[in-house]
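One structure is given below, encoded as C-alpha cells.
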Number of protein chains: 4
Amino acid sequence: MAADPETRLRADARRNRDQILAAAREIFAAQGAEVPMEEIARAAGVGVGTLYRRFPDRDALIRAVAVDNFDKVLKDAKAAKDQESSNWDALIRLLHQSMELQLSVQLAMVSQRALAILKSDPAIKALRDDLLVVLGDFVQGAQAEGKLRTDVATGDVAMLFAMLLRQMPSKGKEVARMATRRCIGIMIDGLRAGRNEALPGRALTSADLDPSG
Amino acid sequence: MAADPETRLRADARRNRDQILAAAREIFAAQGAEVPMEEIARAAGVGVGTLYRRFPDRDALIRAVAVDNFDKVLKDAKAAKDQESSNWDALIRLLHQSMELQLSVQLAMVSQRALAILKSDPAIKALRDDLLVVLGDFVQGAQAEGKLRTDVATGDVAMLFAMLLRQMPSKGKEVARMATRRCIGIMIDGLRAGRNEALPGRALTSADLDPSG
Amino acid sequence: MAADPETRLRADARRNRDQILAAAREIFAAQGAEVPMEEIARAAGVGVGTLYRRFPDRDALIRAVAVDNFDKVLKDAKAAKDQESSNWDALIRLLHQSMELQLSVQLAMVSQRALAILKSDPAIKALRDDLLVVLGDFVQGAQAEGKLRTDVATGDVAMLFAMLLRQMPSKGKEVARMATRRCIGIMIDGLRAGRNEALPGRALTSADLDPSG
Amino acid sequence: MAADPETRLRADARRNRDQILAAAREIFAAQGAEVPMEEIARAAGVGVGTLYRRFPDRDALIRAVAVDNFDKVLKDAKAAKDQESSNWDALIRLLHQSMELQLSVQLAMVSQRALAILKSDPAIKALRDDLLVVLGDFVQGAQAEGKLRTDVATGDVAMLFAMLLRQMPSKGKEVARMATRRCIGIMIDGLRAGRNEALPGRALTSADLDPSG
DNA sequence: AATGAATGAGGATTCATTCAT
DNA sequence: GATGAATGAATCCTCATTCAT
C-alpha cells in the first residue's frame with residue numbers, strides 16, 4: 001500500500017519532467033534560451049510551479065537539457081564506433097548525425113548565458129570529455145586508415161562539428177536540411193586524405209577546446 | 001547652412017554616434033543582442049539618453065549595427081573582386097576575411113529577435129542582395145576558371161560563409177582565430193574542383209537563402 | 001470546473017481586482033490619469049506585478065475604470081426612470097446624482113490621453129450610447145410633461161451633465177459638495193419650462209456629442 | 001552705440017518670450033500641462049535652451065501663462081464694468097466672454113500639478129482676488145438692480161464661471177462653441193431673479209473659493 | 001503535489017534640465 | 001544670446017521566483 005502510491009507518483013513526476021524537458025528543448029532550439037519560463041511551462045502543459053518544482057531555476061533547466069543532449073550525441077558516437085567498419089566511416093556518420101542534433105547542442109552557441117552555465121557544470125564537462133575521447137579515437141583511427149588528412153587533430157574536427165550544430169538560416173526546413181547535408185559533404189571532402197593545401201597554424205587538440213582559458 | 005544630414009554640430013555628435021555603434025558592435029558580438037542598453041551606453045562612454053537620441057530604440061540600434069557591417073562585407077567583397085587576379089582567389093580572400101567580420105554578421109544568427117528585425121529592414125535586405133550578387137559572380141567565375149567544383153552554387157557558398165560568421169567557442173582569441181582559419185582551409189579544400197564525392201540534393205542558389213518561406 | 005470567467009481562485013484575485021479598480025478610480029479622480037502605476041498599486045495594497053497581471057497596461061486600467069463608472073451612471077439613470085413619478089423628476093435626480101459620480105466620468109475630461117483611450121473603446125461607446133438613450137427619454141418625457149423648456153434637446157442636457165462631472169476647486173469637500181448642489185439647482189432653474197430667454201443656435205442632439213468629427 | 005544694441009536685444013527677447021507664451025497657452029489648452037518642453041519650444045520656433053533662458057522651469061512657464069490669462073480676464077471684466085449700462089449686463093457679458101477664455105484658465109482645472117503651482121503664486125493670487133472683487137461688485141450690483149436672484153453670492157457665480165472654463169467635449173469647434181453659449185444661456189436663465197426654487201445650503205462667498213482649506 | 005496569483009527587482013524608455021558650441 | 005546635444009532620474013513594464021490555495 002505504501003510502495004504503490006510512491007511508484008505512481010514517480011510515474012507522474014517523470015512524465016512531467018520529460019514533458020518539460022521536451023518542451024524546453026524545442027523552445028530553446030527555436031527561440032534561444034531567454035524565453036519566459038511561463039512559456040515553457042505552458043508548452044509542457046504544466047503550471048510554472050511544477051516546472052520550478054522539477055528544476056529549481058532556469059539554469060538548472062538549461063543544464064538538464066544540455067545533459068540530455070550531450071548524452072544522445074555520446075550514445076550516437078558510441079553506436080557509430082560499434083557499427084561502422086572503419087573509423088573514417090564512423091566519423092562521417094557522426095558528422096551526418098550532427099544534423100539531427102542541431103536542435104540540442106546549438107544551445108550552447110545561441111546564448112552567451114547558456115554557454116556560461118554549461119561551462120561550469122561538471123556533469124556536462126564529463127560528457128563532453130567522453131565525447132572528445134571517442135572523437136579522438138575516430139580521428140586517429142581514420143588517419144591510421146589513410147582516409148583522414150594527417151594535418152588535422154581532434155580539435156579541428158570538433159570545431160567543424162560544432163560549426164554544424166547550428167540552425168541554418170534559410171527558406172525552410174527542407175532547404176535547411178539539405179544545406180546542412182551539403183556543407184557536411186564539402187567538409188568531408190576537405191578532410192579527406194590526399195590532395196590538399198597545407199593548413200595554417202598547428203593541429204588543434206582537445207585541449208584547445210577548453211574554454212577555461 | 002548644413003549641407004547634408006551628416007555635417008554641422010557633428011563634431012561631437014558624429015563622434016558619439018560612431019562610438020556607440022562601435023561599442024554596440026563589440027558588445028553584441030560578445031554577448032548577444034540582449035545586453036542592457038545602459039551597458040552599451042557605458043561602453044560607448046555616453047549616457048543612455050544620448051544613445052536613445054541617436055537610436056530611438058534597441059531595434060534601431062541593431063539595424064544600424066547590421067547595416068554598418070553588411071556594408072563592410074560588401075566593400076570587402078568588391079575590393080576582392082578588383083584586386084584579385086582570379087575569381088577563385090577573390091572567393092578565397094572573401095572567405096578568409098569573413099573571419100574579421102565575425103563580430104558583425106553573426107548578430108543575425110545569435111538572436112532570434114535580431115534575426116526578425118533584420119529580415120524586415122529594406123536597407124539590410126538590399127545590402128544582402130548586393131552581396132549575393134557579388135558572391136554569385138565569384139562562384140560562376142571560379143567555376144569557369146576550373147577552380148571551383150561545379151556541383152555547388154551561390155547558396156552553398158553563402159551557407160559556408162554564414163557558418164563561419166560565428167564566434168568559435170574555444171580557449172582564447174588566439175586559438176579561436178587559428179581554428180577559424182583552419183576550418184576555412186578545410187572548406188576550401190572541400191570546394192576545390194577535381195576529386196570529390198557527389199554532394200546530396202541539388203545546388204543551392206541565392207533564392208534558397210531567402211528566409212521568407 | 002470554473003463556471004464562468006469570474007469564478008475560481010477568485011477569492012483573492014477578485015478582491016485584488018476590485019481593490020485596484022477602487023484605488024485607481026480614487027487616484028485618477030484626485031490626481032489625473034498620469035499617476036505612476038506604482039502609486040496606484042500601493043494604494044490598492046498590491047505589488048505592481050499584480051496590477052499588471054490584471055490590467056496589461058495603463059490604458060487597460062483607464063478603460064476598466066471608465067467602464068465601471070459609466071456602468072454606475074447608467075444603473076442610476078435606469079433606477080431614476082423606474083422610481084421617479086415623472087420624467088422631470090427623474091432628470092433632476094440624475095443631475096443630482098451626477099455629483100456622486102464626479103470621481104468617475106471626469107476622467108475623460110481631465111486627461112487628453114484618457115479621452116483618446118475612451119473614444120476608441122467599443123464597450124465604453126456602447127455604455128455611453130445607452131446612457132444617451134435614457135437621457136433622451138427623460139428629456140422628451142419632461143418636455144411632454146411641460147416641465148422642461150422645449151428649446152433644448154438631449155445634447156444640451158448631456159452637456160450640462162458633463163460639465164458637472166468635474167471636481168469643483170474649492171476650500172474643502174463640504175464646500176465643493178454644496179457648490180455642486182447649488183450649481184445644479186441653478187441649472188435646473190435655467191432648464192425649467194416657462195419664462196426664459198431664447199437660447200442661441202439650435203438644440204443639440206445626441207449626435208452632436210459624437211467626438212468623431 | 002551702447003543703447004541701441006541693448007534695445008535691439010530687448011525687442012528680440014520680448015518677441016521670443018511672447019512667442020513662447022503664445023505657443024504654451026495653445027498647447028496647454030489643447031493637450032494639458034504635461035507636454036514635453038521640447039514640443040513647446042518647437043511650436044514657439046525656438047530651441048529648448050531659449051525657452052529655459054526665459055522661464056527657468058516648467059512651473060515658471062505655467063505661472064507665466066496663468067498670469068497672462070488672468071490678466072486678460074481681469075481686463076475684460078473691467079471693460080465690461082465700464083461699458084455696460086447695468087451690472088447684470090456686465091455679468092452676462094463676462095459669462096459670455098468666459099467662452100473666449102476657456103483656452104487659458106482651464107489650465108488650472110486640467111492639471112492637478114498646474115493647480116498646485118497656481119495656488120502658490122502670489123501674483124496669480126492677487127489677480128484672482130482682484131477678479132473676485134470685480135465679480136462681487138457685479139453680483140451685488142445686479143441684485144440691487146433686481147435682475148439677479150438674491151440667494152446667490154459671488155462664490156456661486158464664480159463657480160458657474162469656473163465650470164464654463166473648460167473645453168466642451170464634442171463633435172467639433174462649431175458645436176463646442178454653440179454648446180458653451182447655450183449652457184451659458186441656461187445658467188443665466190437660472191440666475192435670473194424671480195421664479196426660482198430655493199437653492200440648497202448657503203450662498204457661497206469669495207472666501208469659499210480659497211483652496212487653502 | 002499541482003496550480004497559478006503575487007511580488008519586486010531589473011531593464012527599457014522618456015523627458016526635464018544643464019552645458020558646450 | 002541661441003541652439004540643440006548630453007545627462008540621468010523617474011516611470012513603465014516584464015518576468016524569474018515564491019507562496020497560498
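Numbers restart at 1 for each chain; the letters A, B, ... are given by sequence-line order, proteins then strands. Hydrogens, waters and symmetry mates play no part in the numbers below; they use all other heavy atoms, side chains included.
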Tell me the interatomic distance from D/R17, atom CZ, to F/dA2, atom P, rounded to whole angstroms. 13 Å
Under 4.5 Å between any side-chain heavy atoms of C/D121 and C/I117, yes or no? no
Walk me through whether A/D18 and A/R14 qualify under salt bridge (Lys or Arg N to Asp or Glu O under 4.0 Å). CA-CA 6 Å; A/D18 289 349; A/R14 166 142 301 276; 3.3 Å; yes
Are B/D68 and B/K72 within salt-bridge range, i.e. N to O under 4.0 Å? yes
Calculate the interatomic distance between A/I20 atom CD1 and E/dT3 atom P; express it in whole Å. 9 Å
How close or far is atom P of E/dG11 from atom CD of B/Q31, stated in whole angstroms? 12 Å
Atom CD of C/E39: over 12 foreign heavy atoms under 6.0 Å: yes
Determine: side-chain N/O of C/R54 to OP1/OP2 of E/dA6, distance under 4.0 Å, yes or no. yes
Could you go step by step and tell me if B/L61 and B/M37 meet the side chain to side chain contact (heavy atoms under 4.5 Å, CB included) rule? CA-CA 10 Å; B/L61 179 58; B/M37 292 297 262; 4.3 Å; yes
Residue A/V48, side-chain atoms from C-beta onward, closest of F/dG4, E/dG11, F/dT17: F/dT17
For F/dA5, does OP1 or OP2 lie under 4.0 Å from any side-chain N or O of B/T50? no
Check whether any side-chain heavy atom of B/F55 lies under 4.5 Å from a side-chain heavy atom of B/R63, and answer yes or no. no
Atom-to-atom span, CD1 of B/I40 to P of E/dG11 - whole angstrom: 12 Å
What is the distance, rounded to the nearest whole Å, between atom CG of D/D57 and atom P of E/dA16? 11 Å
Given the rule that a pair is Watson-Crick or G-U wobble with both distances under 3.5 Å, how would you write DNA chain E in dot-bracket, using | for pairs to a different strand? .||||||||||||||||||||
Could you say whether A/G49 or C/G49 is positioned toward the 5' end of DNA chain F, judged by the nucleotide with the nearest heavy atom to each? C/G49
If you only use heavy atoms from C-beta on, which nucleotide in F/dT3, E/dT17, E/dT3 is closest to the side chain of D/M37? E/dT17
How long is the line joining CZ of C/R42 and C1' of F/dT11, in whole Å? 12 Å
Send over the distance from D/R53 CZ to E/dA16 C1', rounded to a whole Å. 18 Å
Kindly say if A/N16 contacts the phosphate of E/dA2, meaning a side-chain N or O under 4.0 Å from OP1 or OP2. yes
Of the candidates F/dA5, F/dA16, E/dG11, the side chain of A/P36 sits closest to F/dA16
Gap separating the CD1 atom of B/I20 from the CD1 atom of B/I27, nearest 0.5 angstrom: 11.5 Å
Rounded to whole Å, please give me the gap between OH in C/Y52 and P in F/dA16. 18 Å
At less than 3.5 Å, do the side-chain atoms of A/R58 and the base atoms of F/dA16 form a donor-acceptor pair? no
